[in-house]
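Since the structure comes first, as C-alpha cells, the remarks are kept for the end.
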Amino acid sequence: MKDKKVLLSTLWIVVMINMLKADILSLYIPGVLDELVVFAGDTPITQLMLGGAIMMEISIVMIFLSRVLKYKLNRWLNIIVALITIAFIAGGGSSYPHYLFIAAVEIICLLAIIGIAWKWTETE
C-alpha cells in the first residue's frame, strides 16, 4: 500500500479494537476486579482507570492524526506514541492466555507502525 497515512491509521484501528477486546474479555474472568485492586496498590483505582482511559484515548486520536498530520510530525508522533503504547501494554499486562495473545497482536501492529513510520520518506 502506497498511502502511508491510510496504512498507519488502519493499524491504529487494529490496535484500538484489540485493546477493547482484551478489556471486554477480561471482564468475564471471576476475580479480575480484585486483582486490579491488588495491582493498583496504594494508587486509588479511579486513578489507575483514568491512566488506562488516557492511553486508550491516545490510540483513538492516533487513528485520526495519522491521516491528517503533515509528514514530519506524523512520522515522529507515530513512532513515539507506538513506543509509549508498547510500554503501556507490557507494563499493565496480565498472564491470562487471551490477554497474552491479544497483547502480542497489538505489539506486532505497533512494531509495524514504528517500522512503517521509520522507513517513511517525504517523497512517498
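In this structure, the side chain of K5 engages the main chain of L69 through a donor-acceptor pair within 3.5 Å. In this structure, S9 contributes its side chain and R67 its backbone to no donor-acceptor pair below 3.5 Å. Not one N or O on the side chain of E122 forms a donor-acceptor pair closer than 3.5 Å with the backbone of K72.
With values rounded to the nearest 0.5 angstrom, F88 atom CZ is found 6.0 Å from M55 atom CE. Distance check: I13 CD1 to S59 OG gives 12.0 Å after rounding to the nearest 0.5 Å. Taken from CD in E57 to CE in M16, the straight-line distance is 8.0 Å, to the nearest 0.5 Å. With values rounded to the nearest 0.5 angstrom, R75 atom CZ is found 6.5 Å from W118 atom CH2. Note that NZ of K4 and OG1 of T121 are 7.5 Å apart. Values are rounded to the nearest 0.5 Å.
Residues forming a ring-ring contact (aromatic ring centres under 6.0 Å, His included) with F64 (at least two apart in sequence, or on another chain): none. L83 meets the side chain to side chain contact (heavy atoms under 4.5 Å, CB included) test with I79, I114; sequence neighbours excluded. Residues that satisfy the side chain to side chain donor-acceptor pair (under 3.5 Å) test with Y96, not counting sequence neighbours, are E35. The side chain to side chain contact (heavy atoms under 4.5 Å, CB included) search around I108 returns none, not counting sequence neighbours. Applying the side chain to side chain contact (heavy atoms under 4.5 Å, CB included) criterion to I80, with sequence neighbours excluded, gives I84. Residues that satisfy the side chain to side chain donor-acceptor pair (under 3.5 Å) test with S66, not counting sequence neighbours, are N78. Evaluation of the side chain to side chain contact (heavy atoms under 4.5 Å, CB included) rule for V81 yields W12, I58, M62, L77, T85 as partners, not counting sequence neighbours.
When hydrophobic clusters are built by joining Ile, Leu, Val, Met, Phe, Trp and Tyr residues whose side-chain heavy atoms come closer than 4.5 Å, directly or via intermediates, I54 is grouped together with M56. Under a hydrophobic-cluster definition in which Ile, Leu, Val, Met, Phe, Trp and Tyr are linked whenever side-chain heavy atoms come within less than 4.5 Å, directly or via other members, V61 and L8 are assigned to the same cluster. No single ILVMFWY cluster, assembled from side-chain heavy atoms under 4.5 Å apart, contains both L20 and Y28. Both L73 and I63 are part of a single hydrophobic cluster, where members link through side-chain heavy atoms under 4.5 Å apart. Hydrophobic clustering (ILVMFWY, side-chain heavy atoms < 4.5 Å, transitive): L100 and V15 are in distinct clusters.
With side-chain heavy atoms closer than 4.5 Å counting as contact, directly or through intermediates, V14 stands alone and belongs to no larger hydrophobic cluster. Through side-chain heavy atoms spaced under 4.5 Å, either directly or across other Ile, Leu, Val, Met, Phe, Trp or Tyr residues, I102 is tied to L25, F101, V105.
Two residues are said to be in side-chain contact when any heavy atoms from C-beta on lie closer than 4.5 Å; L7 and D3 fail this criterion.
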I89/I86 under side chain to side chain contact (heavy atoms under 4.5 Å, CB included): CA gap, chis, key distance, verdict: CA-CA 5 Å; I89 292 166; I86 289 172; 5.6 Å; no
Chi angles and distances behind the side chain to side chain contact (heavy atoms under 4.5 Å, CB included) call for L65, N74: CA-CA 7 Å; L65 292 179; N74 199 340; over 6 Å; no
